[in-house]
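Written out below as structure tokens is the structure these notes cover.
The sequence lines fix the lettering, A, B, ..., with proteins before strands; numbering per chain opens at 1. The analysis underlying the following values was restricted to heavy atoms, covering all of them including side chains, and did not include hydrogens, waters or symmetry mates.
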Amino acid sequence: DQQVKQNSPSLSVQEGRISILNCDYTNSMFDYFLWYKKYPAEGPTFLISISSIKDKNEDGRFTVFLNKSAKHLSLHIVPSQPGDSAVYFCAVLRGSTLGRLYFGRGTQLTVWP
Amino acid sequence: DGGITQSPKYLFRKEGQNVTLSCEQNLNHDAMYWYRQDPGQGLRLIYYSQIVNDFQKGDIAEGYSVSREKKESFPLTVTSAQKNPTAFYLCASKGQETANTGELFFGEGSRLTVL
């Protein structure tokens, strides 16, 4: 039973444009929402997170939006760069489960020149 | 430098053999995790440990075993009972500084191929 769904397995965007990656979750009790970036044959690296009490968090070119009523999370990258090409995983945390993260299946982002 | 070290990076084994993947961290983190990644499946939790000498099953623990005798080390054994062991295995840890936000620090991964 998937707690987190990333329905788009891939996304292709031109360099300089906005990339929007989406994520839906099932449980309204989740406390934190995270995005990880992963290159092939490497471990994921933390990108950005947002608490359930906020609806937006920004860090440079990366902004995460949280819509709790829709149980929807999105990551905006602007402007997109070729180095952003990677798999992006959405993850959710429920604090009562001692920090256990649930991951989505990932979205492969390709940024072309 | 502090970090998580997984070894070996690539491993080939014959069907029916047990394999142990190493994970060592010098971040002084209490919690450690093992995930498995398959194409199109995302990251699935195998086992995790919050403190030394204690660990819990994740979502796909069947065919795997772990130990946590030292804070720094959390080895994963893939046994012959695991039906589809070929995968990319990721070890992660978490410290008190990110206990509430869930942020995990990942190793570089180990690619296991069973022939």
Side-chain angles (χ1 to χ4, degrees), chain A residues 1-10 21 23-27 29-54 57 59 64 66 73 86-108, chain B residues 3-11 21 23 25 29-51 54-61 87-113:
Chain A
D1 187 20
Q2 268 191 285
Q3 305 270 3
V4 186
K5 293 181 182 178
Q6 292 179 257
N7 293 320
S8 298
S10 63
L21 296 101
C23 177
D24 296 300
Y25 58 94
T26 57
N27 192 330
M29 299 297 289
F30 289 127
D31 299 299
Y32 263 88
F33 305 84
L34 303 87
W35 284 95
Y36 278 83
K37 176 179 177 181
K38 185 183 180 302
Y39 294 115
E42 293 185 8
T45 54
F46 171 75
L47 194 56
I48 192 170
S49 66
I50 186 168
S51 161
S52 61
I53 63 172
K54 294 187 176 181
N57 187 27
D59 184 1
V64 57
L66 178 61
L73 184 70
V87 177
Y88 290 79
F89 290 101
C90 169
V92 298
L93 168 73
R94 184 175 176 183
S96 62
T97 55
L98 299 177
R100 184 248 157 97
L101 287 182
Y102 295 88
F103 285 86
R105 296 188 173 188
T107 296
Q108 170 70 57
Chain B
I4 301 175
T5 302
Q6 289 187 241
S7 62
K9 193 167 177 68
Y10 299 96
L11 187 59
L21 306 179
C23 179
Q25 54 99 359
H29 285 173
D30 288 312
M32 295 187 75
Y33 304 78
W34 274 105
Y35 286 88
R36 168 179 170 146
Q37 185 192 10
D38 296 281
Q41 290 285 333
L43 277 64
R44 294 184 290 168
L45 184 64
I46 305 172
Y47 268 99
Y48 62 106
S49 168
Q50 299 289 341
I51 56 172
D54 187 46
F55 48 83
Q56 289 81 40
K57 293 182 179 179
D59 299 322
I60 55 166
F88 189 56
Y89 291 88
L90 287 158
C91 180
S93 70
K94 182 166 66 74
Q96 287 300 315
E97 66 275 18
T98 57
N100 292 328
T101 63
E103 182 184 342
L104 300 180
F105 295 85
F106 282 88
E108 294 291 295
S110 293
R111 167 75 61 186
L112 172 63
T113 302

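For chain B, the option among A:P44, A:S49, A:G104 with the highest count of heavy-atom pairs below 4.5 Å is A:P44.
With values rounded to the nearest 0.5 angstrom, B:E103 atom CD is found 10.5 Å from A:L47 atom CG. Atom CZ of residue A:F103 and atom OH of residue B:Y35 lie 4.5 Å apart, to the nearest 0.5 angstrom. Rounding to the nearest 0.5 Å places CZ of B:F106 at 11.5 Å from CZ of A:F46. Here B:L90 contributes atom CG and A:K38 contributes atom NZ; the two are 6.0 Å apart, rounded to the nearest 0.5 Å.
Atom NZ of A:K54 has 12 or fewer neighbouring heavy atoms from other residues, nucleotides or ligands inside a 6.0 Å radius. Within 6.0 Å of the CD atom in B:Q96, the count of heavy atoms belonging to other residues, nucleotides or ligands does not exceed 12.
Looking at A:F33, neither its backbone nor its side chain comes within 4.5 Å of chain B, counting heavy atoms on both sides.
A:R105 pairs by the salt bridge (Lys or Arg N to Asp or Glu O under 4.0 Å) definition with nothing, not counting sequence neighbours. Scored by the salt bridge (Lys or Arg N to Asp or Glu O under 4.0 Å) test, B:D38 finds B:R36, B:R44 as partners (sequence neighbours excluded).
When all heavy atoms of A:F89 and B:Q37 are compared, the closest pair comes out as CZ-NE2, 3.6 Å. A:A41 and B:F88 make their closest contact through C-CZ, 3.8 Å (heavy atoms, listed as atom of the first residue, atom of the second, distance).
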